[in-house]
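Below you'll find the structure, written out as C-alpha cells, and then a few comments.
Since this is a predicted model, take the numbers as computed values, not measurements. Below, chain A is the first sequence line, B the second, and so on; all start at residue 1.
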2 protein chains.
Amino acid sequence: MTARTPDSARDIPEATVARLPVYLRALISLAEEGTTTCSSEELAAFAGVNSAKLRKDLSYLGSYGTRGVGYDVEYLRYQIAREIGVTQDWPVVIVGIGNLGHALANYSGFRSRGFRVVALLDADPDRHEEVVAGLDVRSFEDLESIVAEHDVSIGVIATPAVAAQSVADRMVATGITSILNFAPAVLSVPDGVGVRKVDLSIELQILAYHEQRKSIAPGAGAVS
Amino acid sequence: MTARTPDSARDIPEATVARLPVYLRALISLAEEGTTTCSSEELAAFAGVNSAKLRKDLSYLGSYGTRGVGYDVEYLRYQIAREIGVTQDWPVVIVGIGNLGHALANYSGFRSRGFRVVALLDADPDRHEEVVAGLDVRSFEDLESIVAEHDVSIGVIATPAVAAQSVADRMVATGITSILNFAPAVLSVPDGVGVRKVDLSIELQILAYHEQRKSIAPGAGAVS
DNA sequence: AGGAGTTTGTGAACGGGAGAACAAAACGAG
DNA sequence: CTCGTTTTGTTCTCCCGTTCACAAACTCCT
Ligand SMILES: NC(=O)c1ccc[n+]([C@@H]2O[C@H](COP(=O)([O-])OP(=O)(O)OC[C@H]3O[C@@H](n4cnc5c(N)ncnc54)[C@H](O)[C@@H]3O)[C@@H](O)[C@H]2O)c1
Ligand SMILES: NC(=O)c1ccc[n+]([C@@H]2O[C@H](COP(=O)([O-])OP(=O)(O)OC[C@H]3O[C@@H](n4cnc5c(N)ncnc54)[C@H](O)[C@@H]3O)[C@@H](O)[C@H]2O)c1
C-alpha cells in the first residue's frame, strides 16, 4: 500500500482531463440559470455523459459532493476551474492570420474561458498593416520578444500546412510548451511539449465514413 | 466459426476509423513527392503513429500490402478513400456565417478532401446580401429545399451556442444525418444521426491543464 | 431518535485498443 | 531451386477506460 501523494499531483486519466472542460461548461450554464445545487444525474445530462462516468471523473479531483444531496454548483465549478488551471488567464499567441486566424482572433469565447490573446503574428508583410480585434498583426520575427514579455506558454498555429513545422520549431525554441495546431500536418516536437490538433477535414471524413455505411448497410449504429 | 460477411460491411473499430483520414493525408503527401511504394514504417512515420498500429489498422480494410515490399501508394490511397467514402464529393451545408462560418466557407481544403459546400445559411437577414466564396448567403428557411435539391446529408453548425440545438433539430427534420458542431453546446439528436463536435476552448483547456502541471511538478510527461 | 429515501464514491467486471512479437509470404541472389 | 532478407498480417498480452452495482453517508420526516 503506497502512500498517496499529499494533495495535488494526483494522476488524472487523460480521458477524464478531456471531459473536465465539458463539465465546467455545464456548471457555468447551470449557475447562469440560477441553479445552486445539482445531482450527478442532472449534471451528466447537461454534459451529455453517463452519470457513473461523471461521478468517477469527479472522484479523481476529490470528494466535492454531498451524499443524498449532490454537488454545490458554484463550489464544484471553482474546483474544476482550479484543477484545469483556468482560474487565471493564460496568455496565447496566434500565428497565421488568414481566414481562420481572423476568426480565432475575433472569437470572444476565449476570454471567458481562461485565455487571453496577447499577439497576432503573420509572415506576410501585407498583413502587418491590419488591426484585428484590437490587436496589431505583427511580424513573425517578433515572436521571441512577445513570448518573453508576456510569459507565453501556449501557441496556436493557423498557417498553411507547409509552414506548420517550422512555426512549431520556432515556437519551441522561444519557450512555448503547448501548441494547438489547425494545419493538416503532423508536428514533431521534443518531449515535454504538448501538441493538440484540430483537423476539420478529418472530422468530416469520419462523418462521411459512417454516412456511407448507413446507406450500404441500413441499421448501422450512430456515431459516438 | 462464424462465416464472415462477404466483402465490405466489416466492422472497423472507431479508433481506426479516426486514423484512416490521417493515413490518407500521408499517402497523398507521399504521392505528391513522387513516391510510388512505401513500407509500413515509412507511412507510420509520416502519419505520426506506431507502425504496428498502422499495419493493424490497414488489416481491417483487407490485405493491400505485399510482404517484403510494402504498400503501393496510389493503390492504398484509393482503397482508403473508398473505405472512408470520399471517392465522390459529399454535399455540405454550413449554417451560421459569422466569424467562423466565413473562414469555413473560404477554406479550399474541403474540396480536395471529398466535400463540396453547396449552401451557406444564416438567420440574420443582413447577412443575406453577402456573397462568400462565390456563394450567396441564404435564409435559414431555405434549408429544406436546399437539402432536398442537393441531397445533402452532412451539415455544419457554426452558430452561437444558444441556437445550436434548434438548428440541429431543424437539420434532422430535413433529413440530415451527420452534423459537425462548432458551437460549445451538447446536442441531443435521435439514434442514427451522427454528431461530432469541435471545441476550441476545450482543446486549449486541456493544454492548460498539462501546462499547469508542468510548473507544479517538473518532470511530468508530454501530451498525446 | 429512528427509519425511509436519496445520492455519492468506489470496487469489480468487462470490453476495446495499444504494442510486442512472430509466423507467413514475397523477393532476389546465386 | 534454395537460402537469406525484408516486410506484412496476425496473435497474444497488457493496460486503460467504461459501466454496473452497492455500501456508505447525508437529509428529512415522523
Ligand atoms: N479556414 C478554415 O476554415 C480551415 C479549416 C480547417 C483547416 N484549416 C487550416 O488552417 C490553416 C489556415 O487556414 P486559412 O484558411 O486561414 O489559410 P490562409 O491562407 O487564409 O492563412 C494562412 C496565413 O498564414 C500566414 N503564413 C504563411 N506562412 C507563415 C509562416 N511561416 N509564419 C507565419 N505566418 C505564415 C499567411 O500569410 C496567411 O496569412 C491551414 O493550414 C488550413 O489547412 C483552415
Ligand atoms: N470564431 C471562432 O474562432 C470560434 C472558435 C471556437 C468556437 N466558436 C463557436 O462557433 C460558433 C460561431 O462563432 P462565430 O465567432 O462565428 O460567431 P458569430 O456571432 O460571428 O456568428 C454566428 C452567426 O450565426 C448566425 N445565427 C445566429 N442564430 C442563428 C440561427 N438560429 N440560425 C442560423 N444562423 C444563426 C448569426 O446571424 C451569425 O451570423 C459559436 O458557437 C462559437 O462559440 C467560434
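Residue pairs meeting the salt bridge (charged side-chain N to carboxylate O under 4.0 Å, His left out) criterion with at least one partner in residues 174-187 of chain A, sequence neighbours excluded, are absent.
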Would you tabulate the side-chain donor-acceptor contacts of residues 85-100 of chain B under 3.5 Å, counting partners in other chains and residues two or more places apart, or write 'none'?
unit_1: Asp89(B); atom_1: OD2; unit_2: Arg111(B); atom_2: NE; d: 3.2
unit_1: Trp90(B); atom_1: NE1; unit_2: Gly85(B); atom_2: O; d: 2.6

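One atom, CG of Leu58(B), and another, P of dA18(C), lie 14 Å apart when rounded to the nearest Å. We find that CD of Glu41(A) is positioned 19 Å from P of dG5(C), with the value rounded to whole Å. When the C1' atom of dA26(C) is taken as reference, atom OH of Tyr71(B) falls 14 Å away, rounded to whole Å. The nearest whole Å value for the distance from the CG atom in Leu61(B) to the P atom in dT10(D) is 12 Å. As rounded to whole Å, 16 Å separates atom P of dG17(C) from atom CG of Leu54(B).
Contact detail for Ile157(A) and Leu187(A): the closest heavy-atom pair is CD1-CD1, 4.0 Å. Across all non-hydrogen atoms, the minimal contact from Glu74(B) to Ala31(B) is OE1-CB, 4.0 Å. Leu54(B) approaches Ser40(B) most closely through the heavy-atom pair CD2-O, 3.1 Å.
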field: Heavy-atom protein contacts under 4.0 Å, nucleotides 22-30 of chain D, coded B base, S sugar-phosphate only, - none
entry: -BBBBS---

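Residues passing the ring pair (Phe, Tyr, Trp, His ring centres under 6.0 Å) test with Tyr107(B) are Phe110(B), sequence neighbours excluded. Scored by the ring pair (Phe, Tyr, Trp, His ring centres under 6.0 Å) test, Phe140(B) finds no partners at all (sequence neighbours excluded).
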message: I'd like to know whether Leu24(B) forms a side-chain contact (heavy atoms from CB on, under 4.5 Å) with Arg77(B), so could you lay out the CA-CA distance, the side-chain angles of the two residues, the decisive distance to 0.1 Å, and finally the verdict.
response: CA-CA 6 Å; Leu24(B) 181 57; Arg77(B) 174 192 186 298; 4.1 Å; yes

For nucleotides 15-20 of chain D, list the nitrogen or oxygen atoms of the protein found under 3.5 Å from its nitrogen or oxygen atoms, one pair per line.
unit_1: dT18(D); atom_1: OP1; unit_2: Arg19(A); atom_2: NH1; d: 2.8
unit_1: dT18(D); atom_1: OP2; unit_2: Arg19(A); atom_2: NH1; d: 3.4
unit_1: dT18(D); atom_1: OP2; unit_2: Arg19(A); atom_2: NH2; d: 2.9
unit_1: dT19(D); atom_1: O4; unit_2: Lys56(A); atom_2: NZ; d: 3.1

